[in-house]
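All figures in this text were calculated on a predicted structure; none of them were measured in a lab. Proteins come first, then strands; the chains are lettered A, B, ... in the order of their sequence lines, and each starts at number 1. Worth knowing before you read on, the calculation uses all heavy atoms, side chains too, and leaves out hydrogens, waters and symmetry mates.
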Amino acid sequence: MVVTRFAPSPTGYLHVGGARTALFNWLFARRMGGKFILRIEDTDLKRNTPTATRQVMDDLRWLGIQWDEGPEVGGPNGPYLQSQRRDLYDKYVKQLIDEKKAYYCFDTPEELDALRKEAEAQKKNFIYPRPKDFPGESDVEKAKARDKPAAVRFAMQLTGIVVTDVVRGEVKFGPGEIGDFIIQKSDGFPTYNFACVVDDYSMKVTHVIRGQEHLMNTPGQQALWKALGFGELPKYAHMSVTISETGGKLSKRERPEALRKIIKATQDIDLEKLAEVGNITLEEVETFIKAKTTPDIPSIDAMATYLGVALPEINVVDFFRSGYLPETMVNFLALLGASPGGDREIMPLDELIDCFDLSRLTKANSLFDRKKLLAFNTEHIRQAGGEKLLSHFKDYLKAVESPVISADDKMLEKILEICAGARTLADIERKSRFLFLADEKIEYDEKAVKKVLLKNNGLAILQIVRDKLAAMEQFTVENIENMLRSLAEEKQVGLGKVAQPLRVAICGTAVSTPIFDSVQMLGKENTLTRVDITLKKFGQSNDDC
RNA sequence: GGCCCCAUCGUCUAGGUAGGUCCAGGACACCGGGUUUUCAACCCGGCAACAGGGGUUCGAAUCCCCUUGGGGCUACCA
C-alpha cells in the first residue's frame with residue numbers, strides 16, 4: 001500500500017509552498033488508495049511556536065486535506081510528534097554508535113565555523129574530518145565535565161551514491177562529497193536528517209514527495225537508511241520549488257519585507273501609533289524598519305491593516321482572509337509544477353485526484369502567479385453554487401469579523417446571487433457591508449463624493465431621486481428600477497448619472513451591489529435617512545461647484 | 001567558492017520518454033473593440049515562446065555536448 005506523509009516543522013502558519021507539498025502527497029495517496037500521514041517535526045526547540053501545530057492542522061483542514069494518521073486522529077505508528085519519539089531515536093543512535101557507524105564529536109560552533117571558512121578559502125567543499133578512532137563513553141564524560149557540547153555524527157559511506165528520483169531520474173553524488181553529518185544534537189534531540197529516516201521507516205512510508213530543497217539531503221538519508229538496516233528504500237520524488245514574483249523561493253519573510261518597503265516609501269507615518277496598533281515598542285518598529293528585526297505575524301498584519309495596505313498573501317490563512325475559496329487553492333496548487341496534460345485547468349477535486357500522477361510533475365521551478373489564482377477563484381466562486389458558497393462566505397465573514405455576519409441566510413443568499421461574477425469573497429463583503437452599518441456610520445469616500453455628488457448636478461439629482469423614492473408606495477426592485485430609468489430618460493442622461501449619486505449616498509462609496517437591489521434591500525426608511533444625511537452634509541459645498 | 005537541479009509566449013503549461021502530423025496548442029496577464037447602473041463578470045479580436053552555439057539525422061522544440069541564465073543546498077534549521 002502507498003503511504004505518503006507531510007512533515008512540517010511547527011514554526012508558524014502553513015504557507016502555500018508547504019500546502020502544495022502536503023497536497024501532492026495527499027492527492028497521490030488518494031489516487032493510489034493509500035494512506036496519508038501528518039507528522040510534526042518539532043525537534044528544534046528554539047524555532048517551535050506553541051500555536052503552530054494547531055494552525056497548520058486548521059489550515060490543512062480548511063483546504064480539505066485530511067490525514068489518515070497523525071495528531072488528533074492517531075494511528076498505529078504514533079506518536080506523531082517527533083518530540084515524543086525520543087526513545088526511538090536514542091535506540092537507533094545507540095545502535096549506530098555500537099556498530100561504529102556513528103561517533104561522538106565535541107566541537108564548538110566557533111571551531112566548526114573556522115573549519116568551514118578554511119575550506120571555503122581553499123575553494124573546497126567542507127567535509128568534517130572524521131577521527132581515526134571514535135571517542136568512547138569516557139571521552140563523553142570528560143567533554144561534559146569541561147562543558148563541551150557532545151553531538152553524534154554519522155560516519156557517512158565513502159563510496160558514491162546514486163539517488164533514484166521519480167521526477168529527476170538518477171542523480172549521482174561522488175565519493176566523499178557528503179560529509180559526516182550530525183544525527184543527534186548536543187541537546188539530545190535528533191536532527192531532521194536522522195529523525196526523518198527513522199520515522200519514514202517506522203511509519204512505513206513508501207513515497208517521499210517533497211521539495212527540491214531536500215534533494216541534497218537524500219544521499220545522506222539514503223546512506224543512513226542502509227546503515228540502519230532498514231531494507232528497501234522508499235521512492236523519492238523531489239518536486240520543483242515555487243518561486244515568488246520577487247525571485248527566489250517563496251518565503252514567509254515576504255510579508256514583513258513588503259510591509260517594510262511600504263513603510264519606508266511612505267511619508268508622514270506616525271511610528272508611535274504604528275507601534276501601538278502592532279502591539280510592539282517604538283524601538284521595535286525602528287529596528288524593524290532598519291531590517292534588523294521582524295515582529296510577529298499578528299503585529300505585521302495589524303500594522304498593515306492600520307496603514308490600509310494589502311500585503312502579498314503567503315500563508316494559507318492569508319488567502320482565506322483575502323477571500324479565496326479552498327477549492328481554488330487546491331485546484332491552483334495542484335496544477336503548479338504539475339499538469340494533467342492537455343488543456344484541463346479548472347477541475348473539481350475528484351478529477352484532480354483522478355488525474356494526479358507523479359510522472360506529470362514538472363522539473364522546472366514555477367512562479368506563483370496571483371493574477372491567475374484570482375481568475376481561478378472567480379471561476380470557482382461561480383461554480384461553487386448556493387449552499388457551498390454560502391457556507392464559505394459565512395466562514396469568511398466570521399474570520400474577518402464583518403458586520404455582514406449579522407444577516408440571515410436568506411439575505412446572504414440574495415447578496416451572493418446579485419454579486420455573481422465577483423472575484424473574491426472579500427469583494428462581496430466590501431460591496432455589501434454598507435447594508436449592515438448604522439445610517440450615521442456611513443463613511444464617505446472622498447473621491448466618490450467629489451466625482452459623483454459635487455459634479456454634474458449630482459446633489460440636485462439626488463434631491464429629485466429622494467423625493468421620488470419618498471413618494472413610492474411599493475418599494476420593490478422593479479419600481480425602483482423603473483423610476484431611475486425614466487428619470488434618466490427624462491433628463492436625457494445615462495442611468496449612471498442618476499444612479500451613482502444615490503449609490504454614494506447610501507454606501508458612501510462608488511462601488512456596491514447593483515443599485516436597484518441595494519436600495520430595495522436597505523429599505524425605504526434607511527435609504528431616505530441616508531440620502532438626507534448626505535444632502536445635509538454636502539449641501540453647502542455644492543454652491544461653489 | 002563547492003555540489004546539485006532546471007531551461008517552450010510576460011506567467012502557468014501542452015508537445016519531449018517512442019525525432020517528421022508543431023511556421024508550436026490552451027489558460028492567465030496584456031492590448032483593441034463590444035456589452036454595462038458602479039466594481040466585477042461576460043462576448044469578439046489581437047500580441048506573444050522552443051535561451052545561444054555546436055553536433056547527430058534526410059529531418060530536432062524533441063537526442064548529445066558546450067556556453068549563458070535561473071533556482072536549490074552548502075547549520076548541533078527543517
Side-chain angles (χ1 to χ4, degrees), chain A residues 7-11 41-44 46-47 105 107-109 112-113 116 119-127 149-153 163 165 167-168 171-174 177-179 181-187 189 191-193 195-196 211-219 238 240-241 243 245 247-249 332 335-346 359 362-376 378 382 419-424 427-428 430-431 448 452 481 484-485 488 494-500 502-504 507 509-516 518:
Chain A
S9 64
T11 55
E41 310 220 322
D42 55 347
T43 54
D44 186 0
K46 293 180 287 295
R47 297 206 321 158
C105 57
D107 315 271
T108 62
L112 288 172
D113 213 40
R116 260 184 218 107
E120 183 152 349
Q122 291 174 25
K123 303 193 173 188
K124 282 203 301 208
N125 183 24
F126 169 68
I127 299 290
V152 180
R153 277 179 195 270
V163 171
D165 186 276
V167 340
R168 281 158 221 284
V171 183
K172 298 181 177 72
F173 297 86
E177 254 170 40
I178 313 289
F181 54 93
I182 290 184
I183 58 176
Q184 188 178 60
K185 300 183 257 187
S186 53
D187 65 4
F189 275 83
T191 57
Y192 159 74
N193 275 314
C196 178
Q212 189 205 218
E213 64 267 29
H214 289 294
L215 187 52
M216 299 297 282
N217 291 143
T218 312
H238 287 92
S240 58
V241 170
I243 306 291
E245 279 101 329
K249 202 165 62 151
F332 185 78
L335 260 40
L336 193 62
S339 162
D343 296 337
R344 291 196 287 170
E345 284 203 323
I346 302 286
S359 73
T362 291
K363 288 182 185 175
N365 293 163
S366 42
L367 194 134
F368 190 86
D369 183 355
R370 290 189 171 76
K371 289 233 177 92
K372 183 146 186 167
L373 179 74
L374 235 201
F376 267 54
T378 309
R382 188 196 321 286
C419 284
R423 314 212 78 181
T424 66
D427 285 347
I428 302 174
R430 219 173 290 131
K431 283 180 178 182
V452 315
E481 173 164 4
L484 289 170
R485 284 199 191 280
L495 185 53
K497 287 282 183 291
V498 302
Q500 281 303 82
L502 180 58
R503 189 192 304 277
V504 175
C507 316
T509 62
V511 177
S512 78
T513 44
I515 189 67
F516 314 132
S518 300

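Taking atom C1' in both B:rU21 and B:rC3, one finds a spacing of 43 Å when rounded to whole Å. Rounded to a whole angstrom, the distance from the P atom of B:rG19 to that of B:rU62 is 12 Å. Between B:rU56 and B:rU13, the two C1' atoms lie 29 Å apart (nearest whole Å). For B:rC64 and B:rC43, the P atoms lie 43 Å apart once the distance is rounded to whole Å. B:rC9 and B:rA49 have their C1' atoms separated by 4 Å, given to the nearest Å. Comparing the same atom, C1', in B:rC58 and in B:rC28 gives a spacing of 40 Å after rounding to whole Å. Nucleotides B:rG15 and B:rC4 are separated by 29 Å at their P atoms, to the nearest Å. Separation of the P atoms belonging to B:rG46 and B:rG25 is 12 Å when rounded to the nearest angstrom.
Within the nucleic acid shown, A:Phe516 comes within 4.0 Å of at least one base atom, counting heavy atoms only. Residue-level contact check: A:Arg168 touches the backbone only, with heavy atoms under 4.0 Å from sugar-phosphate atoms and none from bases. At a threshold of 4.0 angstrom between heavy atoms, the contacts of A:Ile182 include nucleobase atoms, whether or not backbone atoms are also involved. Here A:Asp427 lies out of heavy-atom contact (under 4.0 Å) with every strand. Counting any heavy atom pair closer than 4.0 Å across all strands shown, A:Gly494 reaches no nucleic acid atom. Residue contacts shown for A:Val171 are limited to sugar-phosphate atoms, with no base heavy atom under 4.0 Å away. Counting any heavy atom pair closer than 4.0 Å across all strands shown, A:Ala364 reaches sugar-phosphate atoms only and no base atom. The residue A:Thr43 sits close only to the backbone: its heavy atoms come under 4.0 Å of sugar-phosphate atoms, none of a base. Across all strands, A:Ser366 comes closer than 4.0 Å only to sugar-phosphate atoms, never to a base (heavy-atom distances). Within the nucleic acid shown, A:Lys431 comes within 4.0 Å of at least one base atom, counting heavy atoms only. Counting non-hydrogen atoms under 4.0 angstrom, A:Ala420 reaches a base of the nucleic acid. If you check every strand for non-hydrogen atoms under 4.0 Å, A:Lys185 touches a base. Residue contacts for A:Arg344: at a heavy-atom cut-off of 4.0 Å it reaches no nucleic acid atom on any strand shown. Within the 4.0 angstrom heavy-atom criterion, base atoms lie near A:Ile515.
In this entry B:rU38 has no Watson-Crick or G-U wobble partner, no candidate having both defining distances under 3.5 Å. Under the Watson-Crick or G-U wobble criterion, with both distances below 3.5 Å, B:rG59 has no partner in any strand shown. As the counterpart of B:rC3, B:rG72 is assigned, both hydrogen-bonding distances of the Watson-Crick or G-U wobble pattern falling under 3.5 Å. As the counterpart of B:rC28, B:rG10 is assigned, both hydrogen-bonding distances of the Watson-Crick or G-U wobble pattern falling under 3.5 Å.
Under the salt bridge (Lys or Arg N to Asp or Glu O under 4.0 Å) criterion, A:Glu41 pairs with A:Arg39, not counting sequence neighbours. Not counting sequence neighbours, A:Glu120 has no partner by the side chain to side chain donor-acceptor pair (under 3.5 Å) test.
Smallest separation of non-hydrogen atoms from A:Cys419 and A:Thr513: SG-CG2, 3.7 Å. The nearest pair of heavy atoms linking A:Pro340 to A:Arg344 is CG-O, 3.8 Å.
A 4.0 Å heavy-atom criterion places the boundary nucleotides of RNA chain B facing chain A at B:rG1 to B:rA78, written 5' to 3'.
For the pair A:Leu335 and A:Arg382, both in contact range of RNA chain B, the more 5′-proximal nearest nucleotide belongs to A:Leu335. Toward the 5' end of RNA chain B, the nearer of the two residues A:Gly496 and A:Pro149, judged by each one's closest nucleotide, is A:Gly496.
With values rounded to the nearest 0.5 angstrom, A:Lys185 atom NZ is found 4.5 Å from A:Asp44 atom CG.
For the side-chain contact (heavy atoms from CB on, under 4.5 Å) with A:Asn193, the lone residue among A:Asn217, A:Ile182, A:Ile183 that qualifies is A:Asn217.
Side chain to side chain, A:Ser240 and A:Thr362 fail the donor-acceptor criterion of an N or O pair below 3.5 Å. In summary, the side chains of A:Ser512 and A:Arg503 do present a donor paired with an acceptor at a separation below 3.5 Å, with no hydrogens or angles considered.
Ring geometry for A:Tyr192 against A:His214 counts as tilted: the plane angle lies between 30° and 60°, on a 0 to 90° scale.
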